[in-house]
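Structure record follows, encoded as structure tokens.
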Amino acid sequence: MSQTAKTRVLTGITTTGTPHLGNYVGAIKPAIEASQDPNVQSFYFLADYHALIKCQDPKRVQESRLEIAATWLALGLDTDNAIFYRQSDIAEIPELMWMLSCVCAKGLMNRAHAYKAAVAENEEAGDQDPDKGITMGLFGYPVLMAADILMFNANKVPVGRDQIQHIEMARDIAGRFNHLFKGQYFVQPEAVVDEKGEVLKGLDGRKMSKSYNNTIPLFSSEKKLQKLVRKIKTNSLEPGEPKDPDTCTLFQIFSAFASNEEAAALREQYVAGIGWGDAKNEVFDYLNAHLSAPRERYNALMEDPAHIEAVLQKGAERAREEAAITMDRLRSAVGLGRFV
């Protein structure tokens, strides 16, 4: 089948933490649905090179890779249809990153949100060097992300709203490469943002993020899940007083998992003045029922790393078959082809 016959969808998750509800809603759930669609060629990868930018704890990176692989498999990733691999198993990706770095304007990277935020933090702290503590990994990681996407000429990349800029950068870099080397080597990827799974809020009402330590791990034990749901920040309105579901973290988390009808039913209870204790019990019961079967599969997979390794090796072989052909073509395009 030709490359253009199927829509290509690519998703990666950085392997620095334990998968949480925000990861599931924002990336894993839509990705798994796409993996089961015969009209879509899905690429899923553990973004373990990306992990090294923020995490220099080898044990954590190794654990996280296993947890994330087990999570995707437990939730029903179709590894026959989809190509599931570790980024670090595809040697062609850093090679492509270097080629793209050589056509990418530094000014484009200066505008990257993560880099600008790190510079702003240094300036606020009064550091004389605005680049203090900023590595080339942090500065150039949109180029690595572009290599992930362009290596497999992905048409669509499901991302959170905060990642749209990186897809635009990948488009810029692809266009620049095509222009300089006079060919259609790369397609222009599109960001796909699931509006319903907008950025999920965490326990404290801020974006659910490992860096804020406000996450709800996807496969917490039943007891731990209940404890975390009870910790979700709510306001001081009493039972009987109407509550606004649209500004409530608890309601947002519930509706990210629930059907439209189920969310509408809870919305009515908010308007009728449901107490926060009852609302939290309802959300816990719903999440627990929703996650109990995949939680069992996850725990079984975590006990069998050899099975996970075999699945990833098979995926890496499929990914490398294509990556090798792509890189041969690109090496010739830039003048690095074989002499004979």
Side-chain angles (χ1 to χ4, degrees), residues 8-14 16 26-27 43 45 47-55 87-88 90-124 127-193 199 207 209 211 323 326-327 329-336:
R8 299 186 141 222
V9 179
L10 179 136
T11 300
I13 289 190
T14 310
T16 50
F43 293 81
F45 66 96
D48 47 2
Y49 280 138
H50 284 287
L52 302 182
I53 295 164
K54 287 184 181 174
C55 186
Q87 186 186 31
S88 60
I90 316 301
E92 291 84 356
I93 287 172
E95 182 183 355
L96 177 56
M97 183 197 175
W98 180 251
M99 281 189 189
L100 299 179
S101 294
C102 293
V103 304
C104 173
K106 177 178 177 286
L108 186 65
M109 294 298 98
N110 289 344
R111 296 196 289 276
H113 298 321
Y115 172 63
K116 282 170 72 175
V119 169
E121 218 171 276
N122 283 336
E123 285 168 348
E124 279 165 29
D127 285 312
Q128 284 187 318
D129 178 7
D131 286 328
K132 183 182 175 187
I134 296 172
T135 63
M136 285 305 295
L138 175 73
F139 182 71
Y141 97 94
V143 189
L144 178 55
M145 191 164 161
D148 294 324
I149 296 164
L150 300 177
M151 174 61 77
F152 300 107
N153 270 322
N155 306 103
K156 296 181 185 297
V157 187
V159 287
R161 192 160 282 288
D162 58 336
Q163 291 284 319
I164 292 174
Q165 185 197 39
H166 295 135
I167 310 304
E168 289 169 352
M169 288 175 162
R171 290 169 66 89
D172 280 0
I173 295 167
R176 179 88 179 128
F177 190 98
N178 288 345
H179 173 73
L180 279 172
F181 297 107
K182 298 176 176 57
Q184 283 304 307
Y185 298 100
F186 301 120
V187 301
Q188 293 274 316
E190 286 174 38
V192 180
V193 180
V199 177
K207 173 191 168 183
S209 169
S211 53
T326 300
M327 287 312 298
R329 184 171 175 235
L330 295 176
R331 285 185 204 114
S332 293
V334 302
L336 301 179

Can you name the residues that form a side-chain contact (heavy atoms from CB on, under 4.5 Å) with [X], not counting sequence neighbours?
{"X": "Lys106", "value": "Asn110, Phe139"}
{"X": "Lys54", "value": "none"}
{"X": "Ala170", "value": "Ala146, Ile149, Pro189"}
{"X": "Pro94", "value": "Tyr49"}

Using a 4.5 Å cut-off on heavy atoms from C-beta on, say whether the side chain of [Y] contacts that of [X].
{"X": "Phe43", "Y": "Asp148", "value": "no"}
{"X": "Asn155", "Y": "Val9", "value": "no"}
{"X": "Phe177", "Y": "Ile173", "value": "no"}
{"X": "Val187", "Y": "Arg8", "value": "no"}
{"X": "Ile93", "Y": "Leu144", "value": "yes"}

Filter on salt bridge (charged side-chain N to carboxylate O under 4.0 Å, His left out), then keep only pairs touching residues 176-193, sequence neighbours left out; what's left? Lys156-Glu190

Test of understanding: with side chain to side chain donor-acceptor pair (under 3.5 Å), list the residues that count as partners of [X], not counting sequence neighbours.
{"X": "Tyr185", "result": "none"}
{"X": "Ser209", "result": "Ser211"}
{"X": "Arg331", "result": "Glu95, Asp328"}
{"X": "Gln163", "result": "His166"}

Locate the shortest heavy-atom distance separating [X] from [Y]; write the atom from each residue and the value.
{"X": "Asn122", "Y": "Pro130", "result": "ND2-O, 2.8 Å"}
{"X": "Ala118", "Y": "Ile134", "result": "CB-CD1, 3.7 Å"}
{"X": "Ile53", "Y": "Gly137", "result": "CD1-O, 3.6 Å"}
{"X": "Gln188", "Y": "Ala174", "result": "NE2-CB, 4.1 Å"}
{"X": "Asp129", "Y": "Asp131", "result": "OD1-N, 2.9 Å"}
{"X": "Leu10", "Y": "Pro158", "result": "O-CD, 3.3 Å"}

Contacts of Lys132 meeting salt bridge (charged side-chain N to carboxylate O under 4.0 Å, His left out) (sequence neighbours excluded), chain-then-number -> Asp127

Could you list the residues that satisfy salt bridge (charged side-chain N to carboxylate O under 4.0 Å, His left out) with Asp172, not counting sequence neighbours? none

List the residues meeting ring pair (Phe, Tyr, Trp, His ring centres under 6.0 Å) with Phe45, not counting sequence neighbours, and say none if there are none. Tyr85

Just verifying a value: how many Å separate [X] [atom1] and [Y] [atom2], rounded to the nearest 0.5 Å?
{"X": "Leu52", "Y": "Thr14", "atom1": "CG", "atom2": "OG1", "value": "10.5 Å"}
{"X": "Met97", "Y": "Cys102", "atom1": "CE", "atom2": "SG", "value": "10.5 Å"}
{"X": "Ile90", "Y": "Met327", "atom1": "CD1", "atom2": "CE", "value": "12.5 Å"}
{"X": "Asn153", "Y": "Thr326", "atom1": "CG", "atom2": "OG1", "value": "7.0 Å"}

Should the pair Tyr141 and His50 be assigned to parallel (<30°), tilted (30 to 60°) or perpendicular (>60°) ring geometry? perpendicular

Check whether Gln165 reaches the backbone of Pro142 with its side chain - one donor and one acceptor, N or O, closer than 3.5 Å. no

Test Asp162 against His113 for side-chain contact (heavy atoms from CB on, under 4.5 Å), laying out the working first. CA-CA 9 Å; Asp162 58 336; His113 298 321; over 6 Å; no

Derivation and outcome, side-chain contact (heavy atoms from CB on, under 4.5 Å), residues Met145 and Ile167: CA-CA 8 Å; Met145 191 164 161; Ile167 310 304; 3.8 Å; yes

